[in-house]
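Here the structure is laid out as structure tokens; the discussion comes afterwards.
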Amino acid sequence: MEHTKLGVVTYPNYYGETFDIGRVIEQFHQSNVPVLVDEAHGAHFDLSGFPKSSMQAGADYVVQSYHKTLPSLTMSSVLWIHKDAPYREWIEYGLQVFQSSSPSYLLMESLEAAQTFYESYDSTLFFEKRKQLIVALENKGLTVITPQDPLKLLIQYEGMSGSSLQAEMEAQAIDVELSDEDAVLWILPLWHEQDRFPFEPLLERIERMTLTTEASTVRDSQPQLFTKSSAYQAMGMHPSRPIPYQQAEGCTLARHLTPYPPGIPSLLKGEIVTADMIKLIEYWQSRGFHVEGLTEGKITVKDE
């Protein structure tokens with residue numbers, strides 16, 4: 001880490017999984033490397049019954065997206081800076097350069113309201129309703145996986161893909177956060193006294209769900225992607241065109257292909273498309289994955 005300027009860590013991940021963030025921060029600090037923690041999904045951390053925030057573990061900078069888990073307007077987030085963090089002047093200068101000189105008072109007011117909500121929040125009712133909800137899901141025959149963050153629930157049904165389960169939930173007007181190949185992810189609200197969440201109707205909709213085993217419950221393993229025979233060339237703005245992915249072998253990708261979840265580019269702009277890449281895209285298509293950069297069976301390639 002001799003020439004490392006900054007360590008960037010995501011905590012928790014999208015599924016609410018955490019780890020020993022204190023140990024990771026300590027390892028960076030032993031090499032005199034400051035740490036920025038992307039704690040976007042942890043604005044509610046440190047509440048009773050929830051994981052500890054990385055701010056309790058000595059992180060130098062922590063980014064929290066209040067709007068993800070606290071009652072705040074979309075786009076309202078916070079950057080916390082430790083009083084002893086290095087580069088503080090640089091960060092403040094960068095904020096002056098890139099932030100708007102006309103801030104939204106609506107967003108700032110919503111942040112203040114969310115902070116007030118956070119500071120006075122009693123999680124007792126949340127955990128009572130969460131327990132009741134899990135019982136209702138399990139009584140329906142669903143499997144509920146509970147990660148370290150109690151605000152997240154991963155829900156499965158034997159014999160149904162995640163996308164099929166999501167479709168059935170949405171048929172009952174139950175909106176989910178996302179689905180992957182095997183499960184659906186729910187993000188729960190921070191229930192509190194006199195909230196307006198339709199909790200009883202939710203239990204009724206769960207009971208009305210129709211869960212059926214799909215014709216094929218055996219899932220093929222994800223094909224291996226070999227890139228040894230592929231090539232990469234950095235490219236900026238360049239004329240491009242959409243073509244069916246089946247016809248793209250030998251072409252240069254002009255746009256990342258990013259499956260959600262997890263939202264990490266798998267095939268990169270500038271890579272030469274190989275037969276194995278086409279097999280991977282076909283796999284995504286057959287499983288109903290949402291892939292940014294793949295639209296109606298077409299991908300964007302460099303217009304040679």
Side-chain angles (χ1 to χ4, degrees), residues 1-70 72 74-101 103 107-108 111-112 114-115 118-119 121 147-152 187 225 227-228 232-236 256 258-271 292:
M1 292 190 180
E2 182 180 353
H3 301 293
T4 303
K5 300 296 184 183
L6 180 70
V8 180
V9 182
T10 299
Y11 169 91
N13 67 11
Y14 215 117
Y15 289 87
E17 296 173 314
T18 62
F19 52 91
D20 188 351
I21 184 66
R23 182 172 178 271
V24 173
I25 292 173
E26 181 182 2
Q27 288 176 327
F28 276 107
H29 284 175
Q30 286 175 350
S31 299
N32 296 317
V33 177
V35 182
L36 182 149
V37 179
D38 177 355
E39 199 172 276
H41 285 265
H44 60 292
F45 279 14
D46 282 337
L47 290 174
S48 178
F50 291 89
K52 293 295 183 183
S53 169
S54 59
M55 287 188 284
Q56 307 300 324
D60 299 281
Y61 322 97
V62 178
V63 177
Q64 291 182 334
S65 296
Y66 271 37
H67 66 93
K68 293 186 184 297
T69 58
L70 295 178
S72 182
T74 300
M75 295 176 61
S76 53
S77 302
V78 173
L79 169 63
W80 301 97
I81 304 177
H82 192 282
K83 61 183 178 63
D84 297 325
Y87 311 130
R88 187 184 187 97
E89 296 80 7
W90 292 9
I91 292 172
E92 291 176 349
Y93 173 74
L95 291 174
Q96 291 176 1
V97 171
F98 293 107
Q99 281 187 326
S100 170
S101 59
L107 294 181
M108 290 192 291
L111 282 171
E112 291 186 2
Q115 186 66 30
Y118 174 89
E119 291 172 353
Y121 185 72
Q148 290 88 351
D149 180 4
L151 214 59
K152 305 288 181 74
I187 300 182
L225 174 62
T227 57
K228 289 184 179 179
Y232 170 82
Q233 52 182 257
M235 57 180 292
H256 295 332
T258 307
Y260 284 87
I264 300 172
S266 291
L267 303 179
L268 304 178
K269 173 182 177 180
E271 283 193 279
E292 186 175 310

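The structure presented is a predicted model; accordingly, all values stated were derived computationally and were not measured. Quick note: numbers below take in every heavy atom, side chains included, and nothing from hydrogens, waters or symmetry partners.
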- Query: Under the side chain to side chain contact (heavy atoms under 4.5 Å, CB included) criterion, do T69 and F45 qualify, and how do the steps go?
  - Reply: CA-CA 10 Å; T69 58; F45 279 14; over 6 Å; no
Taking side chain as C-beta onward, heavy atoms only, is [X] less than 4.5 Å from [Y]?
{"X": "P103", "Y": "M108", "answer": "yes"}
{"X": "D46", "Y": "K52", "answer": "yes"}
{"X": "H41", "Y": "D149", "answer": "no"}

Could you give the distance from [atom1] ([X]) to [atom2] ([Y]), rounded to the nearest 0.5 Å?
{"X": "M55", "Y": "I25", "atom1": "CE", "atom2": "CD1", "value": "11.0 Å"}
{"X": "Y15", "Y": "I187", "atom1": "OH", "atom2": "CD1", "value": "11.0 Å"}
{"X": "D20", "Y": "E26", "atom1": "CG", "atom2": "CD", "value": "9.0 Å"}
{"X": "S72", "Y": "E112", "atom1": "OG", "atom2": "CD", "value": "10.5 Å"}
{"X": "I91", "Y": "E89", "atom1": "CD1", "atom2": "CD", "value": "9.0 Å"}

Over all atoms of both residues, closest heavy-atom pair of [X] and [Y]:
{"X": "G49", "Y": "P150", "result": "O-CG, 3.5 Å"}
{"X": "T18", "Y": "P12", "result": "CG2-CB, 3.8 Å"}
{"X": "L47", "Y": "Y121", "result": "CD1-CD2, 3.7 Å"}
{"X": "L107", "Y": "T74", "result": "CD2-O, 3.5 Å"}
{"X": "T258", "Y": "P265", "result": "OG1-CA, 3.6 Å"}

Can you give the donor-acceptor pairs under 3.5 Å from side chains of residues 57-68 to other protein atoms, not counting sequence neighbours?
| from | atom 1 | to | atom 2 | distance (Å) |
| --- | --- | --- | --- | --- |
| D60 | OD2 | H29 | NE2 | 2.7 |
| D60 | OD2 | V35 | N | 2.7 |
| Y61 | OH | P86 | O | 2.2 |
| Q64 | OE1 | W80 | NE1 | 3.0 |
| Q64 | NE2 | E39 | OE2 | 2.8 |
| Q64 | NE2 | G42 | O | 3.4 |
| Y66 | OH | Q115 | OE1 | 2.4 |

- With sequence neighbours excluded, tell me which residues meet salt bridge (charged side-chain N to carboxylate O under 4.0 Å, His left out) with E17. none
- Please indicate whether F19 has more than 12 foreign heavy atoms, meaning atoms of other residues, nucleotides or ligands, lying under 6.0 Å from its CZ.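 Yes - once you tally the heavy atoms of other residues, nucleotides and ligands closer than 6.0 Å, there are more than 12.
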- Query: Just wondering, are more than 12 heavy atoms of other shown residues or ligands nearer than 6.0 Å to CE in M75?
  - Reply: no
- Message: Using side chain to side chain contact (heavy atoms under 4.5 Å, CB included), reason through K5 and V33 one step at a time and then give a plain yes or no.
- Response: CA-CA 6 Å; K5 300 296 184 183; V33 177; over 6 Å; no
